[in-house]
Amino acid sequence: MKLHCEVEVVSRHLPALGLRNRGKGVRAVLSLCQQAPRTQPRPRAGGEPGGRHPACLFISTLKDKLGTRYELKENIEQFFTKFVDEGKATVRLKEPPVDICLSKANSSSLKGFLSAVRLAHRGCDVEAPLLTFTPVKTSEFEKFKTKMVITSKKDYPLSKNFPYSLKHLQTSYCGLARVDIRMLSLKNLRKLDLSHNHIKKLPATIGDLIHLQELNLNDNHLESFSVALCQSTLQKSLRSLDLSKNKIKALPVQFCQLQELTDLKLDDNELIRLPFKMGQLTNLRFLSAARNKLPFLPSEFKNLSLEYLDLFGNIFEQPKVVPVIKLQMPLTLLESSARTVLYNRIPYGSHIIPFHLCQDLDTAKTCVCGRFCLSCFIQGTTTMNLHSVAHTVVLVDNMGGTEAPVVSYFCSLTCYVNSCDMLK
């Protein structure tokens with residue numbers, strides 16, 4: 001029985017000697033084995049020479065393929081398994097007085113291995129067959145691969161899992177119609193490239209990849225980006241997102257909760273609008289949304305601070321002279337209540353108010369004065385020079401233009417009148 005992970009063996013005598021451990025694990029193969037009979041056993045760490053025991057633990061590394069042997073029977077002081085779901089655990093031995101710290105293990109494999117170690121500690125029979133220990137081969141350490149690139153169907157693994165230690169996985173031109181569920185167990189994944197496939201829908205469980213920083217979905221058949229993904233752990237980890245060459249018509253307003261984004265590519269979709277709370281993406285530096293169907297930009301777009309912006313090939317409309325007026329006086333109870341909740345930042349959720357009211361509050365417009373409005377407002381359009389939000393701007397048309405229409409909202413007639421110069 002074997003477990004592939006990173007291991008750090010920490011001596012509990014070091015602090016008493018005023019020394020510190022280096023604090024870094026090494027790639028290792030843990031083997032739960034039975035000593036071969038009629039042979040002289042390898043000297044054990046903390047055990048007496050000779051003898052055969054029901055089970056012992058060997059820790060082998062690339063530099064020490066023979067491994068170090070540790071007795072298990074009645075020799076474990078404590079298990080630390082609080083973070084076992086993250087692939088981490090510690091086994092504290094009595095003799096020698098060391099802590100065996102395990103990390104970057106497959107969580108299900110780790111749980112099974114620890115169960116077997118517990119049985120060996122109690123002197124019980126281990127359910128899995130115990131083999132005679134043999135030195136670990138160099139090929140065993142290939143399972144610690146951190147990068148895998150697959151660019152054809154014939155190379156795609158069908159009968160075996162992806163190495164659990166992967167940090168970068170690319171599976172392009174593989175004809176995938178959906179995200180392989182085996183990828184979702186790669187908890188160390190930082191970069192996932194699924195470009196040039198036929199994926200139509202993303203599973204919400206992609207949001208469980210807590211370390212994912214780059215996600216490339218270029219050239220697929222996606223029609224949406226779900227709210228569940230926007231509200232997942234990707235909010236804290238995702239830095240780069242490529243959704244270009246898909247069939248997306250709109251992104252949800254919750255998309256702007258991915259506030260760690262620095263690079264966003266939306267080229268060659270069917271976008272008819274950008275999320276109107278775009279200004280909340282304060283870390284965004286690279287934005288490309290060329291060749292879509294955008295008629296105008298949201299009002300909060302002017303709050304961005306970009307290094308590069310490409311909006312070439314959209315169908316930007318000329319600003320309308322006559323504003324759209326949806327004012328109603330006096331305000332309805334719904335409108336007045338919504339404005340009060342948002343202005344005073346009163347917490348809300350579907351456990352407090354009906355879900356449809358939460359949606360209304362999430363999609364409220366922001367007036368140029370900073371206040372909010374739900375369905376009672378004046379809508380006007382003005383022109384903005386894109387150099388005011390980006391250092392480098394790709395021309396929006398073949399005429400050399402760098403201006404685009406921006407829609408603005410006004411919560412009252414007073415705000416509209418005070419902003420008339422802006423709309424001219």
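Below, each value reflects all heavy atoms present in this structure, side chains not excepted, and no hydrogens, waters or symmetry copies.
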Name each donor-acceptor pair under 3.5 Å that joins a side chain in residues 189-196 to protein atoms two or more places apart or in another chain, with its distance.
residue : atom : partner : partner atom : Å
Arg190  : NH1  : Asn188  : O            : 2.8
Asp193  : OD1  : Ser195  : N            : 3.0
Asp193  : OD1  : Ser195  : OG           : 2.7
Ser195  : OG   : Ser172  : OG           : 3.0
His196  : ND1  : Asp219  : OD2          : 2.9
His196  : NE2  : Tyr173  : OH           : 3.4

List, one per line, each side-chain donor-acceptor pair under 3.5 Å for residues 253-264, sequence neighbours excluded.
residue : atom : partner : partner atom : Å
Gln257  : OE1  : Gln235  : NE2          : 2.8
Thr262  : OG1  : Arg239  : O            : 3.2

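Counting heavy-atom neighbours within 6.0 Å of Ile315 CD1, excluding the residue itself, gives a total above 12. Annotation for Arg92: atom CZ counts as buried by contact number, over 12 foreign heavy atoms lying within 6.0 Å. Counted within 6.0 Å of NZ on Lys104, heavy atoms from surrounding residues, nucleotides or ligands total 12 or fewer; the atom is thus considered open. Open room surrounds NE2 on His391; 12 or fewer heavy atoms of other groups in view lie less than 6.0 Å from it. Within a 6.0 Å radius of OH in Tyr156, other residues, nucleotides and ligands contribute more than 12 heavy atoms. Residue-environment remark: NZ (Lys365) exceeds the threshold of 12 foreign heavy atoms within 6.0 Å. When the shell of 6.0 Å around NZ of Lys249 is examined, it contains 12 or fewer heavy atoms from other residues, nucleotides or ligands.
Atoms OH and CG, on Tyr70 and Asn75 in that order, are 11.0 Å from each other to the nearest 0.5 Å. Annotation: the span from Ser152 atom OG to Ile150 atom CD1 amounts to 8.5 Å, rounded to 0.5 Å. Rounding to the nearest 0.5 angstrom, the gap separating the OG atom in Ser224 from the NZ atom in Lys201 is 7.5 Å. With values rounded to the nearest 0.5 angstrom, Lys167 atom NZ is found 13.0 Å from Leu186 atom CG.
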>> One pair to check against side-chain contact (heavy atoms from CB on, under 4.5 Å): Val389 and Met384. What are the steps and the verdict?
In response: CA-CA 9 Å; Val389 296; Met384 178 182 70; 4.2 Å; yes
>> Let's go through Asp208 and Lys187 carefully: what are the C-alpha distance in whole Å and the side-chain angles of both, what is the deciding distance for salt bridge (charged side-chain N to carboxylate O under 4.0 Å, His left out) to 0.1 Å, and is it a yes or a no?
In response: CA-CA 8 Å; Asp208 295 335; Lys187 301 302 182 182; 5.2 Å; no
> Passes side-chain contact (heavy atoms from CB on, under 4.5 Å), Leu331 versus Arg339? Steps please.
Replying inline: CA-CA 10 Å; Leu331 296 177; Arg339 292 188 180 192; 3.7 Å; yes
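Annotation: salt bridge (charged side-chain N to carboxylate O under 4.0 Å, His left out) contacts of Glu77 (sequence neighbours excluded): Arg12.
Looking only at distances, a side-chain donor or acceptor of Ser237 sits under 3.5 Å from a matching main-chain atom of Leu212. The backbone N or O of Leu271 sits nowhere less than 3.5 Å from a side-chain atom of Asn269 that would complete a donor-acceptor pair. Between the side chain of Asp99 and the main chain of Cys101, no donor-acceptor pair closer than 3.5 Å is present. Side chain of Asn344 to backbone of Ile346: no donor-acceptor contact under 3.5 angstrom is found. Looking only at distances, no side-chain donor or acceptor of Asp85 sits under 3.5 Å from a matching main-chain atom of Phe83. Put simply, the side chain of Ser103 never gets that close to the backbone of Lys88: no donor and acceptor are under 3.5 Å apart.
A salt bridge between Arg182 and Asp180 is present, with a side-chain N of the basic residue lying under 4.0 Å from a carboxylate O of the acidic one. Under the 4.0 Å criterion applied to side-chain N and carboxylate O atoms, Asp268 and Lys245 are not assigned as salt-bridge partners.
Shown are Val394, Leu287, Val393; of these, the side-chain contact (heavy atoms from CB on, under 4.5 Å) with Tyr308 is made only by Val394.
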